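Working notes for the structure below.
Not measured: the values here are computed from a predicted model. Note on naming: letters A, B, ... go to the chains in the order of the sequence lines (proteins, then strands), and numbering restarts at 1 for each one.
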There are 2 protein chains.
Amino acid sequence: MSQRQTPSYDGSMTHPPATLDRPATIADVARLAGVSVPTVSRVLTGAARVSEERRHRVDKAIASLGYRPSAAAQVLASRRSMTIAIVAANTSRYGYAEAIRGVEESARAAGYAVIIVVVESERNDEVRAAVDAVLRQSVAGVVILKFDPPGVAALKALQSAVPVVALSGVPEAGVPQAVLDESEAAAALTEHLLNLGHATVHHVRIPPSGKEDGRTTGWRLALQRHRKWVPPIEDVSWDVTTAYEIGTRLAKDPEVTAVFCGNDETAMGLIRGVFDSGKKVPRDISVVGFDDHPLASMFIPALTTARQDFAELGRHGTAQLMALLEGESPLALETVEPPLVFRESTAPPSKHPR
Amino acid sequence: MSQRQTPSYDGSMTHPPATLDRPATIADVARLAGVSVPTVSRVLTGAARVSEERRHRVDKAIASLGYRPSAAAQVLASRRSMTIAIVAANTSRYGYAEAIRGVEESARAAGYAVIIVVVESERNDEVRAAVDAVLRQSVAGVVILKFDPPGVAALKALQSAVPVVALSGVPEAGVPQAVLDESEAAAALTEHLLNLGHATVHHVRIPPSGKEDGRTTGWRLALQRHRKWVPPIEDVSWDVTTAYEIGTRLAKDPEVTAVFCGNDETAMGLIRGVFDSGKKVPRDISVVGFDDHPLASMFIPALTTARQDFAELGRHGTAQLMALLEGESPLALETVEPPLVFRESTAPPSKHPR
DNA sequence: CCCCTTCTTGAAACCGCTTTCAACCATCGG
DNA sequence: CCGATGGTTGAAAGCGGTTTCAAGAAGGGG
């Protein structure tokens, strides 16, 4: 199609004796090996026995031609696919990126290729486009990151058409899924703050996946369990600067002495906002995050938070999908509970407010 | 293949009057529209004129059947593909994730699907596996993140076999690429430190892309230009804790008053290490990072750094690839220079060492 | 020694689409 | 009124594999 302009290194790994000018096909292999095409196919797929001797000739031919079966042709002929799709609203945000890494890794290990389709919003045309992209590619199955409205919408639109497993923060019936149960840890974190002596804890909520995410639920539960006042929720966007602003705002309110942030980035932004307002964390205000972001322990003050292993979640999701594809019974719904990690951003409330 | 277990929402977007139990094919559409298969193909691809009336019938049939052309069949028949591959060593690290997001976004806008193949190391079998994955998928082209040894190896192995553009931090001849020229900014950052009065600037190097990356080169150049001593380089892994350790080590050396870190995460880890060793940034040691990570401005102290727009780099790369695929002359090698951003982590050296 | 199994093998059909290519139709100029 | 011209259309041939099926070879039992 287009000539490479570097004649130097011809990538010997690519087509060793490079005798053809086009990529080798199964017919080329068959010819060179002196066998029929179906025989080559059989050694490729291992679907049926092939005599030792022929198999060997075929293997040699494959190696010598640098032959690589065309995935497209295989899909078409066999009606089954060795690629899965990951659908997510975002690929670069920490938790998402880690989850994607987890499913990619394990999918690759299982011999699957992965295509990534992002659906940025829950707008109908966007969701439709994503569904289209997935379905046109004839994937074996899809893993959906169901942490936000776009994910939820994509799941809804896709689950009837193709094997799907969802990665999520709250268990939900009806869909195979891997879940990182956030509500327990959120509650525990909130209680930690309460036990420190804070009258209540405020909550900064990250964009939720539906009605309510596990983090918010856990926080509310803990407060109710301890019969504490449930302050109004502060909503934050994915952009850290909004967390910063909330920090400056909250710093002015003498009532707030403890805040539970939906994730660590938010916590860091908020702490900075508090700091720039002349208050200190944890002296004047205690802050907890969520996720245990790689920088959470480096931040000054280091964040008290709950560790989420998103990559592991992704691996679980893939395993779930593989099982589903094999027709096995869905794996036990392993919900992993994030362990708490206590660091420097929390302390008893100050004796001298203001 | 496997029954969905939720009979409730049947995803009306997926196959509206769902009359077939299998996905509709082009033949189904042709039959329903009362035209031949090639005619449907023509309205699909727009390759040839079709009478107004037939086109309309076909469109209606497509809509009513919820027909989606099979990408695999299209690839096979047309010998051209509408998917590109991104190959990267890692998908979740900040810069990589952003770059991937950039190429995904623009590829999607251009109508391309994207598969992601990661090559974790430069080990021969790994590189080979990646090459295999790419080539088997019959992609139109690939974008390689050439920021580390695995990327370099993959590039080398792939460039002779398929249209490739590299995303990189240092210009290199012979390969179409989009580059974020890091050396200028690195030099400027180093000079900023020198101008502040520091005797020299130490350097913590992130895993390099080959012999030397632009950041290191720029740093060295600036030092030489100012006839300053070039201290031995500290190497750091991607794991932030190694940066932390280097920080504790450097803090003990009274000679080091300024350090240039290969990226912001490293800078933050290092600052924390310095902090835990009883020294303060920038009072005792000045630190600069690179990238302008979203948290760089929230960190305390906020980082002086150089802003890198990796997503934009990704977009440039895709544009480059598209041009290449159209047979257009490669776009002018737009090298973007990262703008410097001065914040709190740098200051004149302390008058009272120790 | 013969017939029936069991394996291994290749011919042919097919997967869902694109791409010649030739046939057809209508229009148009002479 | 006729042949030339140009635009639409469908039949048929692939694209690169897999799968069905029947044929041939080899092995086994009576």
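- B:Ser70 is linked by a side-chain hydrogen bond (donor to acceptor under 3.5 Å, both in side chains) to nothing, counting only residues two or more places apart in sequence or in another chain.
- A search for side chain to side chain contact (heavy atoms under 4.5 Å, CB included) contacts involving A:Glu120 returns A:Val118, A:Glu126, B:Glu105, B:Arg108, not counting sequence neighbours.
- For A:Gln74, the side-chain hydrogen bond (donor to acceptor under 3.5 Å, both in side chains) test picks out B:Arg136, with sequence neighbours left out.
- In this structure, the CZ atom of A:Arg31 is 15 Å from the C1' atom of C:dG10, given to the nearest Å.
- Take A:Ser51 and apply the side-chain hydrogen bond (donor to acceptor under 3.5 Å, both in side chains) test, not counting sequence neighbours, and it matches no residue.
- Qualifying side chain to side chain contact (heavy atoms under 4.5 Å, CB included) partners for B:Ala33, counting only residues two or more places apart in sequence or in other chains: B:Val35, B:Arg57, B:Val58, B:Ala61.
- Axis angle across the helix from C:dC1-D:dG30 to C:dG30-D:dC1, with five pairs used at each end and values rounded to 10°: 50°.
- Under a 4.0 Å N-O distance rule, the pair A:Arg128/A:Asp125 does not qualify as a salt bridge.
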Reading nucleotides 16-26 of chain C from the 5' end, what letters show protein touch, with B for base, S for backbone sugar-phosphate only, - for no heavy atom under 4.0 Å? BBBBB------

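- Looking at residues two or more places apart in sequence or on another chain, you find no salt bridge (charged side-chain N to carboxylate O under 4.0 Å, His left out) involving B:Asp59.
- A:Ile62 has its CD1 atom 16 Å from the P atom of D:dG16, to the nearest Å.
- Taking the side chain to side chain contact (heavy atoms under 4.5 Å, CB included) definition, one finds that A:Arg49 meets it with nothing, sequence neighbours left out.
- With sequence neighbours left out, the side chain to side chain contact (heavy atoms under 4.5 Å, CB included) criterion links B:Glu312 to B:Asp309, B:Arg315, B:His316.
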Protein and nucleotides 22-28 of chain D: nitrogen or oxygen contacts under 3.5 angstrom:
none

Please list, pair by pair, any protein nitrogen or oxygen found under 3.5 Å from a nitrogen or oxygen in nucleotides 5-8 of chain C.
unit_1, atom_1, unit_2, atom_2, d
C:dT8, OP1, A:Arg49, NE, 2.8
C:dT8, OP2, A:Arg49, NE, 3.1

